[in-house]
**Student:** 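Structure in structure tokens, see below.
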Amino acid sequence: MALPEGDIKVYGTRFCITDYGNKPMSAVLTRGSIGFTTTGGEEVRLKPADRLTYEATEGVLKVEQVDTTLYMSWINKMFVFKGQPLGEIMETLSRWYDLDCVFASEDLKQVRLSGRLNRYQNIQVLLKTYEGIAGLRFEIEGRQVFISRK
């Protein structure tokens, strides 16, 4: 599979690739093996539970062990978050629900939360939970979600 950042080679496997323009390319492997070769010729081969991230503009290639359920839950039509920053959670949710998030302060993006949500449930199911456990307020107006402290 050719990407602007390099080539992914698949060796009989189960994996997930994310490549959003504003973030490093990421590949997470749950089964089998995949290889990644940058356009500069650097090559790495992943084993199960590895996550590769590659920042093409900086040429930074990183491989780490991860909990694959966080990256593969989409297969079961679920969002699963485990101790992740709210900014990251809302970025993921905003893509699916086509929302723009407005944080009252930058420190709110660093609040770490966990939770699960079926992709076809109303987003407010998860947001109401976060309001109760983290003292946050989520107000939805049209396509915007305003996030503040209670």
**Student:** Show the nearest heavy-atom pair for residues Gly32 and Pro48, with the distance to one decimal.
**Tutor:** O-CD, 3.6 Å
**Student:** Any heavy-atom pair between the side chains of Val145 and Tyr97 that's under 4.5 Å?
**Tutor:** no
**Student:** Is Val125 linked to Leu136 within one hydrophobic cluster, defined over Ile, Leu, Val, Met, Phe, Trp and Tyr using a side-chain heavy-atom separation of less than 4.5 Å?
**Tutor:** yes
**Student:** Roughly how far, to the nearest 0.5 Å, is the OG atom of Ser94 from the CD atom of Gln144?
**Tutor:** 12.0 Å
**Student:** So, using salt bridge (charged side-chain N to carboxylate O under 4.0 Å, His left out) as the criterion, who are the partners of Glu58 when residues are at least two apart?
**Tutor:** none
**Student:** Could you walk me through whether Tyr130 and Ile89 pass the side-chain contact (heavy atoms from CB on, under 4.5 Å) check?
**Tutor:** CA-CA 11 Å; Tyr130 288 167; Ile89 291 169; 3.8 Å; yes
**Student:** Could you report the tightest heavy-atom contact between Lys77 and Tyr120, atom names first, then the distance?
**Tutor:** CD-CE1, 3.7 Å
**Student:** Just how far is it from atom SG of Cys101 to atom CD1 of Ile147, taken to the nearest 0.5 Å?
**Tutor:** 4.5 Å
**Student:** Go through the structure and list residues passing salt bridge (charged side-chain N to carboxylate O under 4.0 Å, His left out) with Glu106, not counting sequence neighbours.
**Tutor:** Lys109
**Student:** For the hydrophobic clusters of this structure (ILVMFWY residues joined by side-chain heavy atoms under 4.5 Å, transitively), does one cluster hold both Met78 and Leu93?
**Tutor:** no
**Student:** In Å and rounded to the nearest 0.5 Å, what is the CG to CD distance from Leu46 to Gln65?
**Tutor:** 10.0 Å
**Student:** Who else is in the cluster with Val102 when I, L, V, M, F, W and Y are joined by side-chain contacts under 4.5 Å?
**Tutor:** Phe146
**Student:** Are the side chains of Thr38 and Tyr54 in touch, meaning some heavy atoms are under 4.5 Å apart?
**Tutor:** yes
**Student:** Please list, chain by chain and in numerical order, all residues satisfying side chain to side chain contact (heavy atoms under 4.5 Å, CB included) with Thr39, sequence neighbours excluded.
**Tutor:** none
**Student:** With side chains defined as the heavy atoms from C-beta onward, is the minimum distance between Asp98 and Arg143 less than 4.5 Å?
**Tutor:** yes
**Student:** In the structure I gave you, are the side-chain heavy atoms of Val66 and Val28 within less than 4.5 Å of one another anywhere?
**Tutor:** yes
**Student:** Can you tell me how far the NZ atom of Lys23 sits from the CD atom of Glu88, to the nearest 0.5 Å?
**Tutor:** 5.5 Å
**Student:** List the steps and the verdict of side-chain contact (heavy atoms from CB on, under 4.5 Å) for Phe138 and Glu131.
**Tutor:** CA-CA 7 Å; Phe138 296 87; Glu131 285 182 343; 3.6 Å; yes
**Student:** Rounded to the nearest 0.5 Å, what separation is found between the CG atom of Leu117 and the CD atom of Gln121?
**Tutor:** 5.0 Å
**Student:** Closest approach of Ile17 and Ala27, non-hydrogen atoms and distance?
**Tutor:** CG1-CB, 4.1 Å
**Student:** Are any non-hydrogen side-chain atoms of Thr53 and Ser26 less than 4.5 angstrom apart?
**Tutor:** yes
**Student:** My understanding is that only residues two or more places apart in sequence, or in another chain, count here; which of them pass side chain to side chain contact (heavy atoms under 4.5 Å, CB included) with Thr69?
**Tutor:** Asp67, Lys82
**Student:** Are the side chains of Arg95 and Tyr20 in contact, using a 4.5 Å heavy-atom criterion?
**Tutor:** yes
**Student:** Is there a path of hydrophobic side-chain contacts, each under 4.5 Å between heavy atoms, that joins Ile123 and Leu108?
**Tutor:** yes
**Student:** Can you list the steps and then say if Leu61 with Val44 is a side-chain contact (heavy atoms from CB on, under 4.5 Å)?
**Tutor:** CA-CA 9 Å; Leu61 181 71; Val44 65; 4.1 Å; yes
**Student:** With heavy-atom distances below 4.5 Å as the criterion, would you say the side chains of Trp96 and Arg119 are in contact?
**Tutor:** yes
**Student:** In Å and rounded to the nearest 0.5 Å, what is the CG to CE distance from Leu52 to Met25?
**Tutor:** 5.0 Å
**Student:** Could you check if a side-chain atom of Leu113 sits within less than 4.5 angstrom of a side-chain atom of Thr129, using non-hydrogen atoms only?
**Tutor:** no
**Student:** Determine, step by step, whether Phe81 and Leu126 satisfy the side-chain contact (heavy atoms from CB on, under 4.5 Å) criterion, reporting the C-alpha distance in whole Å, the side-chain angles of both residues, the deciding distance to 0.1 Å, and the verdict.
**Tutor:** CA-CA 11 Å; Phe81 306 109; Leu126 184 60; 4.0 Å; yes
**Student:** Could you go through Asp107 and Arg149, starting from their C-alpha distance and side-chain angles, then the distance that decides it, and tell me whether this counts as salt bridge (charged side-chain N to carboxylate O under 4.0 Å, His left out)?
**Tutor:** CA-CA 11 Å; Asp107 67 309; Arg149 296 207 184 273; 3.4 Å; yes
**Student:** Any donor and acceptor pair, going by atom type alone, linking the side chain of Ser114 with main-chain N or O of Gly83 inside 3.5 Å?
**Tutor:** yes
**Student:** Quick one: list whatever passes side chain to side chain contact (heavy atoms under 4.5 Å, CB included) with Thr57, sequence neighbours left out.
**Tutor:** Glu55
